[in-house]
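The block underneath contains the structure these notes are about, expressed in structure tokens.
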Amino acid sequence: MRLRVQIVALFALGVITKISAQDNEIPFYEKQARKDAQHEQLSVFFSMEDEKDFWKDQTSYENDLKTQDNASYHIYMKAKQSAYSEHAQSCGNHCEHSDYYYQRTSLYFTYKAKQDISKEAIVEAQQIASPRIL
């Protein structure tokens, strides 16, 4: 009887550990990047000044992360790049984002770890990500 209780307890512990490990498989900064991207894509601003302040705060957050934990910064930026690419594919002509949004988010489209991006590449990404008027 004792053996049966121990086996059940070990099995339960194994299941709990597996569930806990699955939550930890996606790094915190990857989850945070996707959450931030969704917030950025859905945000509505009442003035250009509010939008500029919002993106200034976001830029500060990313710069601080890069300074404090470079590896986490790269995870965050790659996840942001992925989230924005997915959004751009589903967005089409029905999304209404500001020019400032496209200017700021072009950095996510062109992000590459440990590689400088030319201004031409950023301009090209802006043109690709810009809304199309038919």
Side-chain angles (χ1 to χ4, degrees):
M1 184 71 166
R2 281 186 132 208
L3 181 59
R4 187 177 275 170
V5 171
Q6 288 176 344
I7 291 173
V8 170
L10 285 174
F11 177 75
L13 183 59
V15 169
I16 291 169
T17 303
K18 179 139 178 94
I19 290 169
S20 175
Q22 286 174 344
D23 276 350
N24 293 330
E25 283 179 17
I26 299 175
F28 169 80
Y29 284 105
E30 184 175 338
K31 289 178 190 175
Q32 187 63 43
R34 290 196 169 275
K35 182 178 169 184
D36 289 351
Q38 184 177 30
H39 176 70
E40 293 160 6
Q41 293 156 0
L42 298 175
S43 292
V44 176
F45 302 98
F46 296 106
S47 72
M48 183 61 84
E49 195 61 37
D50 288 344
E51 185 174 8
K52 285 182 180 179
D53 286 343
F54 174 84
W55 287 109
K56 182 179 177 183
D57 291 344
Q58 184 60 33
T59 302
S60 293
Y61 171 78
E62 290 168 4
N63 289 338
D64 289 345
L65 180 58
K66 185 177 184 178
T67 302
Q68 294 172 7
D69 186 351
N70 200 37
S72 293
Y73 169 78
H74 292 299
I75 291 168
Y76 180 87
M77 293 299 286
K78 292 299 281 183
K80 269 275 191 90
Q81 182 182 53
S82 176
Y84 272 94
S85 293
E86 290 167 12
H87 178 71
Q89 289 176 359
S90 67
C91 192
N93 291 330
H94 66 278
C95 289
E96 295 183 20
H97 298 297
S98 70
D99 290 340
Y100 199 73
Y101 167 92
Y102 286 109
Q103 177 186 356
R104 178 65 184 99
T105 61
S106 67
L107 298 173
Y108 302 125
F109 288 108
T110 59
Y111 175 76
K112 292 189 180 172
K114 299 181 183 185
Q115 186 176 12
D116 292 335
I117 306 293
S118 68
K119 288 184 181 181
E120 292 81 17
I122 292 173
V123 169
E124 184 178 326
Q126 282 179 314
Q127 291 170 349
I128 292 169
S130 296
R132 285 139 186 81
I133 301 173
L134 301 175

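- Side-chain atoms of Gln103 and Ser98, non-hydrogen and from C-beta on, never get closer than 4.5 Å to each other.
- Shown here for Glu30 and Ala79, the closest heavy-atom pair between the two residues is CG-CB, 3.6 Å.
- Here Cys91 contributes atom SG and Glu96 contributes atom CD; the two are 9.5 Å apart, rounded to the nearest 0.5 Å.
- Side-chain contact between Glu40 and Trp55: present, with at least one pair of heavy atoms (C-beta onward) separated by less than 4.5 Å.
- Remark: Arg104 does not engage Glu51 in a salt bridge, criterion side-chain N to carboxylate O under 4.0 Å.
- With rounding to the nearest 0.5 angstrom, the OH atom of Tyr73 is 13.5 Å from the CD atom of Gln68.
- Side-chain contact between Glu86 and Ser82 is present, with heavy atoms from C-beta onward closer than 4.5 Å.
- The line from CZ of Phe54 to OG1 of Thr59 is 10.0 Å long, rounded to the nearest 0.5 Å.
- Counting heavy atoms of neighbouring residues, nucleotides and ligands inside a 6.0 Å radius, atom CD of Gln38 does not exceed 12 of them.
- Under the ring-ring contact (aromatic ring centres under 6.0 Å, His included) test applied with His97, the options Phe45, Tyr84, Tyr102 reduce to a single match, Tyr102.
- Side-chain atoms of Glu62 and Lys66, non-hydrogen and from C-beta on, never get closer than 4.5 Å to each other.
- A donor-acceptor contact shorter than 3.5 Å links the side chain of Ser85 to the backbone of Gln81.
- When the side chain to side chain contact (heavy atoms under 4.5 Å, CB included) test is applied to Asp53, the partners found at least two apart in sequence or on another chain are Glu49.
- Expressed to the nearest 0.5 Å, how far CG of Asp64 lies from CG of Asp69 amounts to 12.0 Å.
- Nearest heavy atom pair, residue Gln41 against residue Ala83, reads NE2-O, 3.7 Å.
- Asp36 and Gln32 are linked by a side-chain donor-acceptor pair at a separation below 3.5 angstrom, with hydrogens and angles left out of the test.
- Applying the disulfide (SG to SG under 2.5 Å) test to residues at least two apart or on different chains, none of the pairs has a partner in residues 50-85.
- Between Tyr61 and Tyr76, the distance separating the two ring centers is shorter than 6.0 angstrom.
- Expressed to the nearest 0.5 Å, how far CD of Gln58 lies from NZ of Lys80 amounts to 4.0 Å.
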